[in-house]
Amino acid sequence: MHFSDNVAALTPSATLAITARAKKMRAEGRSIIDLSAGEPSFPTPEVAAEGAAAAVRAGRTGYPPTPGVPELREGIVRYLGETSSYAPDDPAGVLVSAGVKQGLFNLCFCLFGEGDEVLIPAPFWTSYLAVVELARARPVVVQTKFDEGFALSVDRLEAQRTENTKGLFLNSPSNPSGVVMDLGILEDICAWAGEHGIWILSDEIYRRLYFDGDSAPSVFDVKDRPGHVVALDGMSKAFSMPGWRIGWSVGPPELIRKASALQSQTTSAAAGPSQYAAAAALASEGRESIVGEFRRILDRRRQAAHAALQGIPGFDAPLPPGAIYMYGRLGSGDRAPGDSAAVAESLLVETGVATVPGEAFGTPGFLRLNFSVEDEIFAEGSDRIRAWFGST
Ligand code: PMP
Ligand code: GLU
């Protein structure tokens with residue numbers, strides 16, 4: 001079949017594709033340990049479920065306003081004010097979308113086009129390349145080093161900057177590495193981007209899943225940030241509500257209005273009941289204890305996962321300071337680094353453990369494991385991985 005140039009190079013999301021394959025193998029009767037998908041295993045918080053149910057029962061099921069229902073947009077502004085240094089109390093800078101994924105697409109489509117370059121530090125979340133390419137812009141990968149804790153620096157960014165550089169993705173805590181950027185480096189990057197008129201899209205979806213405090217630093221904590229900064233967050237991770245499809249973009253109202261116009265022509269608005277669920281969770285008195293409890297359990301799982309992976313020859317997985325993944329390097333000792341896709345494939349076929357290879361994140365030679373699954377599941381997965389590495 002002939003497809004348009006818009007999608008000629010498009011492939012399915014690697015993370016979602018591997019998860020779908022693992023589910024299919026399980027349905028066929030294989031014993032599968034799925035450490036691939038990036039979703040926390042907690043149920044939806046009761047207060048969110050109630051918020052949705054109450055709205056539906058009250059008949060609030062018409063088309064929501066495109067940028068989001070007022071309860072949620074105002075709730076997001078309050079939430080940001082309470083958990084970061086974000087100051088405006090006006091929701092004009094907030095657009096609610098069907099997940100951060102749609103938010104990123106909206107923004108890239110509004111800001112970038114043919115001839116533009118967008119810097120993407122690696123390792124990066126797999127969909128960043130695709131959304132930039134869908135906008136016909138060119139993703140430019142900025143490599144960082146495992147041995148330097150995948151630290152990003154202004155020097156690394158500057159080395160890739162050209163007169164066509166229009167945007168930069170930030171993602172802290174990072175998917176897949178869990179690495180967190182401290183306020184100092186965020187300040188340096190904001191100053192550099194401000195000087196060169198480069199848009200910062202800061203994907204902060206794991207901001208609250210940070211294990212050395214309540215929140216990892218946000219671009220909104222940078223006092224002298226330039227005007228062209230957008231931060232994105234949502235309900236999928238910190239509130240364990242990925243299926244509700246709620247994310248938000250917060251930035252200059254002029255951009256948010258254009259992104260909302262785009263959304264009004266494509267999907268109208270995020271689903272109404274999901275928006276009421278999110279609004280109820282963000283406004284609830286128990287909000288911080290819900291997030292705090294998730295974080296406490298995830299921290300325990302993180303430590304257990306780290307311990308379970310120690311001493312596997314040829315697999316070096318450091319303790320991540322944030323997010324929900326162990327990102328381990330293959331090839332220490334005498335194993336040749338490189339083809340992590342082949343390793344992930346063998347692990348899946350031979351042992352039934354689904355992982356995501358580093359190729360999906362622009363850094364071949366690594367494997368990503370979701371540690372937020374139930375304790376017994378990770379323990380069984382790591383046993384199988386250890387046995388496989390021991391036998392090859
Ligand atoms: N950004 C990152 C870094 C992610 O890991 C994910 C995956 N959930 C997303 C964005 C998309 O999240 P959402 O469910 O809000 O679309
Ligand atoms: N973001 C998660 C992951 O990286 C979920 C899958 C996806 O949205 O791509 O696995």
Side-chain angles (χ1 to χ4, degrees), residues 10-23 34-42 44 48 68 72 76 95-108 120-132 150 169-181 201-210 216 218-219 230-250 263 267 270-271 274-275 277-278 281-282 298 320 322-327 344 354-363 366-373:
L10 185 70
T11 53
S13 153
T15 42
L16 294 180
I18 292 165
T19 308
R21 183 156 167 232
K23 286 203 167 89
D34 187 1
L35 306 181
S36 67
E39 55 182 355
S41 62
F42 308 114
T44 290
L72 179 54
I76 290 164
L95 173 62
V96 177
S97 303
V100 166
K101 217 175 228 180
Q102 188 187 18
L104 288 168
F105 175 80
N106 287 339
L107 295 168
C108 285
I120 304 183
F124 50 76
W125 181 50
T126 195
S127 292
Y128 295 158
L129 288 192
V131 286
V132 169
F150 291 125
F169 277 73
L170 296 181
N171 177 216
S172 169
S174 149
N175 175 5
S177 72
V179 165
V180 171
M181 299 171 79
L201 305 187
S202 182
D203 178 349
E204 303 187 352
I205 195 166
Y206 297 99
R207 183 172 65 99
R208 307 300 312 279
L209 302 185
Y210 172 53
S218 162
V219 280
V230 191
L232 301 98
D233 194 357
M235 300 305 284
S236 292
K237 311 294 170 174
F239 294 87
S240 195
M241 292 170 60
W244 295 78
R245 310 305 305 128
I246 294 293
W248 50 85
S249 313
V250 181
Q263 190 167 288
T267 55
S274 296
Q275 295 199 47
L282 292 184
L298 287 174
I324 54 174
Y325 311 101
M326 307 298 294
Y327 200 53
T355 61
V356 185
E359 281 83 350
F361 310 108
T363 44
F366 290 79
L367 283 186
R368 191 192 78 172
L369 318 178
N370 170 11
F371 68 72
S372 76
V373 296

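Quantities reported herein were computed from a predicted structural model and do not represent experimental measurements. Numbers here are sequence positions counted from 1. Remember, it's 1-based here, ligands and their atoms both numbered in the order they're listed.
- Residues V100 and D233 share a closest heavy-atom pair of CG2-O, 3.3 Å.
- Between Y128 and F169, the ring planes are tilted. Angles from 30° to 60° get that label.
- Minimum interatomic distance between V356 and S36 (heavy atoms only, all atoms of both residues): CG2-O, 3.6 Å.
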What's the verdict on side-chain hydrogen bond (donor to acceptor under 3.5 Å, both in side chains) for T267 and Q102, showing C-alpha distance, side-chain angles and the deciding distance?
CA-CA 10 Å; T267 55; Q102 188 187 18; 2.5 Å; yes
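- Under 4.0 angstrom from ligand 1, the non-hydrogen atoms of D203 all belong to its side chain.
- Every heavy atom of F169 sits 4.0 Å or more from the atoms of ligand 1.
- Counting only N and O atoms by type, the side chains of W244 and T44 include a donor and acceptor under 3.5 Å apart.
- The shortest side-chain heavy-atom distance between V96 and I76 falls under the 4.5 Å cut-off.
- Defined by atom type and a distance below 3.5 Å, a donor-acceptor pair is missing between the side-chain atoms of E204 and S172.
- At a 4.0 Å heavy-atom cut-off, the residues surrounding ligand 2 are S13, T15, L16, A37, G38, K101, W125, N175, K237, Y325, R368, listed by chain and number.
- Proximity of T15 to ligand 1, defined as any heavy-atom pair under 4.0 Å, is not found for any part of the residue.
- Looking at E204, K237, Q102 and measuring to atom 7 (C) of ligand 1, the nearest heavy atom belongs to K237.
- Close approach to N175 involves these atoms of ligand 1, each under 4.0 Å from a residue heavy atom: 3 (C), 4 (C), 5 (O).
- Between F366 and P357, the closest side-chain pair of non-hydrogen atoms is not below 4.5 Å.
- Ranking the protein heavy atoms by distance from atom 15 (O) of ligand 1 puts V100 N, 2.7 Å first.
- Among all heavy-atom pairs drawn from T15 and R368, the shortest one is CG2-NH2, 3.7 Å.
- The closest approach between a heavy atom of G247 and any atom of ligand 1 is not below 4.0 Å.
- Of the heavy atoms in Y128, only side-chain atoms (C-beta onward) come closer than 4.0 Å to ligand 1.
- Evaluated by nearest non-hydrogen atom to atom 10 (C) of ligand 1, the leading choice among W244, F105, W125 is W125.
- Heavy atoms of E39 found under 4.0 angstrom from ligand 1: none, in either backbone or side chain.
- Per-residue contacts place N171 under 4.0 angstrom from the following atoms of ligand 1 (heavy atoms of the residue considered): 3 (C).
- Taking each heavy atom of A216 and V180 in turn, the nearest pair found is CB-CG1, 3.9 Å.
- Ranking the protein heavy atoms by distance from atom 12 (O) of ligand 1 puts I205 CD1, 3.3 Å first.
- The two atoms that bring A98 and A270 nearest to each other are N-CB, 4.0 Å, heavy atoms only.
- Across all their heavy atoms, N370 and A37 have their closest contact at ND2-O, 2.7 Å.
- Looking at S236 against ligand 1, only its side chain comes within 4.0 Å, counting heavy atoms.
- Using bins of under 30°, 30° to 60° and over 60° for the plane-to-plane angle, the ring pair Y206/Y325 lands in the perpendicular bin.
- Within ligand 1, counting atoms from 1 as listed, the ones closer than 4.0 Å to a heavy atom of R245 are 13 (P), 14 (O), 16 (O).
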